[in-house]
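Indexing begins at 1, ligand by ligand and atom by atom, following the structure's order. The analysis underlying the following values was restricted to heavy atoms, covering all of them including side chains, and did not include hydrogens, waters or symmetry mates. Please read these numbers as outputs of a predicted model, since none were measured by experiment.
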Amino acid sequence: MEMVNVEHLTKLFPLRKRLFSREKHYVYAVDDVSFKIEKGKIMGLVGESGCGKTTTAKLLVRLLDPTSGNIYIKNENIADLRGKELKKFRKNIQMIFQDPYESLNPRFIVHDTVAEPLIAQGLYNTEKIYNALEVVGLKPPEEFLFRYSHELSGGQRQRVAIARALVIDPIFVVADEPTSMLDVSIRADVLNLLLALRKKFDLTVLFVTHDLAVARYMCDSIAVMYLGKIVERGNAEEIIKNPKHPYTKALLSAVPIPNPKAKRKRIKIGERVSDAVNPPERCRFYERCNYKKDICKRKYPKLIECCKDHFVACHLYG
Ligand code: SF4
């Protein structure tokens, strides 16, 4: 069953007008992005910083208003919800942020942090708070309830953030690089916790990461983003084993192999990145691509199905 269906999602940020200029300039942060996530599955949104993945994440939980496009969560289009309707729907979608040091209010004790979404929805319930702390491994809950965030380790803070997201029983969770600010030694614990929680609650998750190795470990499907566009998407194993887009291939070539005897040749790509301000109708990867053809600078390639459930936007496969 489909839980999330994103259609032609676009977010443009207007730039301040230059003096004496009548032209309007926009940053195309998210440009005509479409994907679906099945119930209980994790989709990885992968790309370098500045590719638009965090903006996409914020659009999906409606921390930002889309410029255009549709966001269906369980068949309800939330793209245009406002005011009370949006507040009511927020119960269903929660976000886990990248930085647990910034996302937790330092003046709140753990109880107040986890209680916040329940109070906002008029659903305060002490038992739910205890249960949420227990399922994220903060046991016994009494030991943590009255601590401030500065009295917790980085891993414990992220567990509190996960408890806050889950306490309200969401049907869809967006996790924005949830382990990238954590010590390497505790990252695996938090990733495994998220996998266990997905299984326990049959959660649907959008997992944002810059790391294809983490995406492979966590996700059922992967979408690779470059300068506001999805350039490749499909089943996670298929994308990792059989990448098609030159950008995905380059990203993968930079992932270390755990076997010290095995070697992978790193693919070098150009450093000059296309401008995201009023970008021309051509492949956004054009400047950096080693395989560019004449058509690539005249026409943006459509996302087409190159193999079963594997989509790529590149003129090499058109
Ligand atoms: Fe390279 Fe052309 Fe494919 Fe873009 S469309 S990735 S420039 S080959």
May I ask you to check whether Y226 and H245 place their ring centres under 6.0 Å from each other?
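No: the rings miss the under 6.0 Å criterion.
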Heavy-atom pairs closer than 4.0 Å: do any link ligand 1 to the side chain of P246, the backbone, both, or neither?
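The part of P246 near ligand 1 is the side chain, not the backbone.
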2.8 Å cut-off met by an N, O or S atom of C289 to atom 1 (Fe) of ligand 1:
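C289 does place an N, O or S atom closer than 2.8 Å to atom 1 (Fe) of ligand 1.
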Side chain to side chain contact (heavy atoms under 4.5 Å, CB included) partner of I96, the single match among V173, V205, V208:
V173
So Y291 and H315, ring pair (Phe, Tyr, Trp, His ring centres under 6.0 Å) or not? Walk me through it.
CA-CA 10 Å; Y291 305 95; H315 287 303; over 10 Å; no
Starting from [atom], which protein heavy atom do you reach first, and at what distance in Å?
| atom | result |
| --- | --- |
| atom 4 (Fe) of ligand 1 | C283 SG, 2.4 Å |
| atom 5 (S) of ligand 1 | H315 N, 3.2 Å |
| atom 3 (Fe) of ligand 1 | C314 SG, 2.3 Å |

Should you measure from each heavy atom of H245, which atoms of ligand 1 turn up under 4.0 Å away?
6 (S)
Can you tell which of E232, E305, K244 makes a side chain to side chain donor-acceptor pair (under 3.5 Å) with H310?
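The single option meeting the side chain to side chain donor-acceptor pair (under 3.5 Å) with H310 is E232.
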Can you tell me how the ring of H111 sits relative to the ring of F146, calling it parallel under 30°, perpendicular over 60° and tilted otherwise?
parallel
Decide, yes or no, whether a salt bridge links K53 with E177 under the criterion of side-chain N to carboxylate O below 4.0 Å.
yes
Please determine whether C296 has a backbone or side-chain N, O or S atom lying under 2.8 Å from atom 2 (Fe) of ligand 1.
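Given the 2.8 Å cut-off, C296 counts as a ligand of atom 2 (Fe) of ligand 1.
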